[in-house]
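Each chain gets a letter, A, B and so on, in the order its sequence line appears, and its residues count up from 1. Given the structure is predicted, the values throughout are model-derived calculations rather than measurements.
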Amino acid sequence: MPIRTRIAPSPTGDPHVGTAYMALFNQAFANSQGGQFILRIEDTDRARSSAAAEEAIFQALRWAGIEWHEGPDIGGGYGPYRQSERLEIYRRHADELIGKGAAFHCFCSAERLAEMRRQQQANGDTPRYDGRCQSLALADVRARIERGEPHVIRLATPEDGVCRFADGLRGSIEIPWRQVDKQVLVKSDGFPTYHLAVVVDDHLMEISHVLRGEEWISSTPKHRLLYDAFGWPMPAHFHLPLLRNPDGSKLSKRKNPTGLDYYRRAGYLPEALLNYLALMGWSMPDERELFSVAELAAHFDVQRIATRGPVFDLAKLDWMNGQYIRALSTDEFMHRITAWALNRDNLAPLAPLVQARTERLSDVLGHVDYLLGDRRGLSDADFEHKTLSSADCRRILHYAGQRLDELPSWQRDALYGALKSLADAMGVKMRDFLAPLFVAISGRAVSLPLFDSMAYLGRDLVRARLRDALTALGGISKKEAKRLERDYRQLAH
RNA sequence: GUCCCCUUCGUCUAGUGGCCUAGGACUUCGGGUUUUCAUCCCGGCAACAGGGGUUCGACUCCCCUAGGGGACGCCA
């Protein structure tokens with residue numbers, strides 16, 4: 001049987017380093033076995049998915065050096081590879097499940113479900129759907145559907161016993177059926193949820209091995225139920241460890257740069273990033289640490305994947321990146337620098353800003369240093385201000401970061417609008433409000449216009465600089481964070 | 001709270017019952033090469049979570065405890 005693996009990102013936020021991580025292992029495994037590696041877009045969340053985010057995934061993964069054999073952008077024999085284009089397939093399979101009694105229609109309101117969960121939680125139970133609609137009479141169900149009553153389709157689950165399934169890395173895993181929720185498979189808008197779509201697609205696309213994050217372990221019983229109901233063999237599953245923040249929690253943008261774009265903008269070489277990622281949970285048989293994706297595939301063995309969640313350590317990535325940079329020929333080095341940022345396209349948006357402030361050409365570099373490279377390190381003294389206290393600065397930076405995270409688009413005018421309204425809501429004059437932001441972003445009180453700078457740097461770099469500035473100001477204690485959180489919500493949006 | 005997963009230096013890891021006085025890498029500290037810096041080289045500090053078993057022998061197998069993480073959505 002041919003080996004086929006896949007990566008199935010959701011086009012919601014910015015492309016995540018975790019996506020590249022999973023892609024890397026799936027690609028390495030497929031290539032090591034002479035198989036295929038597939039990219040599938042899981043855009044079943046209508047509210048959050050966007051075409052722009054999908055395009056960003058293609059670009060970011062391509063930049064990283066991930067190459068797929070089949071996908072929405074290049075086609076293949078098992079398409080379509082975009083779940084929003086497979087709705088008819090899911091509908092058919094949902095009907096089959098209903099017919100087999102493996103799923104049922106549910107008309108419960110969001111309010112009832114919330115109340116039910118609240119009570120279960122109060123009793124110390126695992127929140128689960130109580131099965132009320134499961135016993136509805138067939139005629140009743142049909143009538144309500146015909147009346148146009150909103151409904152979903154849920155998975156029927158056993159009440160007793162345990163679900164046992166094999167994990168290629170962890171051995172046999174047992175989860176009591178009582179823990180498994182009667183999961184929604186089809187939403188009221190007719191779109192499938194992840195659980196239905198992933199099983200149907202993995203089967204139809206003949207995926208032989210599923211290498212996914214360990215956050216999926218607890219939903220695997222649902223998937224097992226679906227495979228059984230359809231009478232399909234279950235692909236081999238391998239749950240890889242999750243990348244961690246330095247504090248051990250799941251890697252998150254709040255605590256660590258997580259966007260692939262950050263690493264590109266910050267000047268990392270994609271081959272160094274992938275090499276580093278490969279070391280997160282995997283090791284070469286001979287323990288060598290510097291190797292290419294081709295060498296990874298050549299020596300790949302799933303059994304060498306560790307199960308402990310590795311902490312993403314920027315210091316070691318920096319070292320590794322240096323190794324790769326110094327191994328480049330001078331020619332290649334120059335090529336990389338220009339391809340990275342020192343080229344016409346990349347400099348074009350800065351030119352008008354800089355030109356207006358230039359008397360001699362030699363002024364130029366001093367204006368753009370913090371945009372093309374990193375800015376200098378900060379200390380609390382940099383934030384001294386005639387009216388703002390250190391606590392004021394922390395508050396402004398914290399709120400600004402929060403507001404920016406909520407912002408769907410990342411252009412100058414949108415940035416200005418969001419922060420202007422925030423300053424107004426806080427009752428701080430824009431002139432004062434901007435002071436700590438200038439320091440955080442450019443490292444000085446005077447620089448090129450702030451919003452142009454932020455737009456140019458991009459979301460990840462700006463987030464990293466704000467976080468770094470907050471650290472320079474002494475950081476925010478748990479208590480202060482809580483208070484800030486509460487006050488922030490009170491501000492009119 | 002319930003269920004599941006995980007547990008070797010600060011961090012990434014090697015280790016599949018005797019090769020372990022636990023190896024490598026990053027970080028860090030010290031030294032050397034270099035007109036400075038960086039690179040590079042040499043050296044040092046630093047770990048088997050705790051407790052019970054099994055065994056002639058446990059880092060390696062089993063159990064318990066503790067700690068960490070994840071899941072518990074009409075998100076994926």
Side-chain angles (χ1 to χ4, degrees), chain A residues 8-13 16 18-19 40-49 83 106-110 113-114 117 120-129 150-154 162-163 165 167 169-181 183-198 212-222 239-251 275-290 303-323 325-327:
Chain A
S10 230
T12 48
H16 198 275
T19 304
R40 182 173 71 223
I41 293 292
E42 309 227 321
D43 55 349
T44 55
D45 184 341
R46 278 212 276 191
R48 294 198 297 171
S49 298
Q83 290 187 330
C106 171
F107 302 89
C108 292
S109 68
L113 295 173
R117 274 190 204 107
Q120 288 168 332
Q121 217 121 37
N123 295 341
D125 295 332
T126 300
R128 299 156 64 227
Y129 180 63
H151 62 277
V152 301
I153 294 175
R154 284 181 184 275
V162 295
C163 174
F165 60 92
D167 179 300
L169 302 178
R170 298 157 203 264
S172 174
I173 295 176
E174 294 185 3
I175 294 176
W177 283 120
R178 294 201 62 83
Q179 289 293 321
V180 182
D181 197 9
Q183 180 68 47
V184 171
L185 299 176
V186 179
K187 309 176 212 180
S188 53
D189 66 1
F191 274 58
T193 59
Y194 169 84
H195 303 282
L196 206 218
V198 78
R212 55 169 18 166
E214 67 174 313
E215 80 251 51
W216 295 110
I217 290 178
S218 47
S219 1
T220 306
K222 295 166 188 170
H239 291 98
L240 272 44
L242 258 20
L243 262 20
R244 311 281 187 100
N245 296 311
D247 68 2
S249 55
K250 174 161 91 164
L251 195 68
N275 190 161
Y276 178 69
L277 249 17
L279 250 26
M280 302 269 85
W282 199 79
S283 58
M284 274 284 184
D286 65 3
E287 294 192 59
R288 107 186 91 123
E289 296 195 304
L290 266 16
Q303 294 311 320
R304 291 191 68 85
I305 300 175
T307 45
R308 178 165 62 153
V311 171
F312 195 95
D313 178 19
L314 287 167
K316 186 153 184 177
L317 207 213
D318 284 341
W319 166 79
M320 183 162 277
N321 202 56
Q323 295 294 313
I325 290 206
R326 290 190 287 272

Ile153(A) side, atom CD1; Cys106(A) side, atom SG - distance, nearest 0.5 Å: 10.5 Å
Partner set under side chain to side chain donor-acceptor pair (under 3.5 Å) for Glu42(A), not counting sequence neighbours: Arg40(A), Gln83(A)
For atom CD of Glu174(A) and atom P of U2(B), their distance in whole Å: 19 Å
Touch class at under 4.0 angstrom, heavy-atom based, for Met320(A) against every strand present: nothing
Per-nucleotide protein contact string for nucleotides 68-76 of chain B, where B marks a base within reach and S marks sugar-phosphate only (heavy atoms under 4.0 Å, - for neither): -SSSBSBBB
Watson-Crick or G-U counterpart of U28(B), or none if no pair lies under 3.5 Å: G44(B)
Pair partner, C56(B) [Watson-Crick or wobble, under 3.5 Å]: G18(B)
Atom pair distance, as rounded to whole Å: CD in Glu287(A) and P in G15(B): 7 Å
Glu289(A) CD to U13(B) P, straight-line distance once rounded to whole Å: 10 Å
Side chain to side chain, Glu214(A) and Leu240(A), heavy atoms closer than 4.5 Å: no
Separation between CD1 of Ile175(A) and CD1 of Ile217(A), rounded to the nearest 0.5 Å: 7.5 Å
Rounded distance in Å - CZ (Arg304(A)) to P (U16(B)): 10 Å
Integer angstrom distance from the C1' of U54(B) to that of U28(B): 41 Å
Closest nucleotide among C12(B), C3(B), C6(B) to the Pro176(A) side chain: C3(B)
Candidates C12(B), C26(B), C6(B) - which lies nearest the side chain of Arg170(A): C6(B)
Integer angstrom distance from the P of U7(B) to that of C48(B): 16 Å
Distance, C1' atom - from G69(B) to C42(B), rounded to whole angstrom: 40 Å
Salt-bridge present (Arg288(A), Asp286(A); N to O < 4.0 Å): yes
Pairwise C1' distance, C59(B) and U13(B) [rounded to whole Å]: 14 Å
Under 4.0 angstrom between Arg308(A) side-chain N/O and U11(B) OP1 or OP2: no
Close side-chain approach of Phe312(A) to Leu277(A), heavy-atom, < 4.5 Å: yes
Atom-pair distance (CG on Asp167(A); C1' on C6(B)), nearest Å: 12 Å
Pairing partner of G67(B) (Watson-Crick or G-U wobble, both distances under 3.5 Å): C6(B)
Whole-Å distance separating the CG atom of Leu279(A) from the P atom of C12(B): 11 Å
Residue whose nearest RNA chain B nucleotide is more 5′ - Gly281(A) or Ile175(A): Ile175(A)
Beyond-backbone contact of Tyr194(A) with Trp216(A), side-chain heavy atoms, under 4.5 angstrom: yes
Sugar-phosphate only, base, or nothing, as touched by Gln323(A) at under 4.0 Å among non-hydrogen atoms: sugar-phosphate
Atom C1', compared across G51(B) and C45(B): separation rounded to whole Å: 29 Å
G53(B) and A58(B), which share atom name P, separated by this distance in whole Å: 12 Å
Side chain to side chain donor-acceptor pair (under 3.5 Å) partners for Asp181(A), two or more places apart: none
Residue closer to the 5' end of RNA chain B, Val311(A) versus Ile217(A) (nearest nucleotide): Ile217(A)
Nearest-Å distance for atom pair CH2/C1', residues Trp319(A) and C40(B): 13 Å
Phe312(A) CZ to C26(B) P, straight-line distance once rounded to whole Å: 17 Å
Inter-nucleotide C1' distance (G44(B), G70(B)), Å rounded: 39 Å
Span that lies between the C1' atom of C37(B) and that of G50(B), in whole angstrom: 48 Å
Complementary nucleotide of C72(B), counting Watson-Crick and G-U pairs under 3.5 Å: G1(B)
Side chain Tyr129(A), main chain Arg154(A), donor-acceptor under 3.5 Å: no
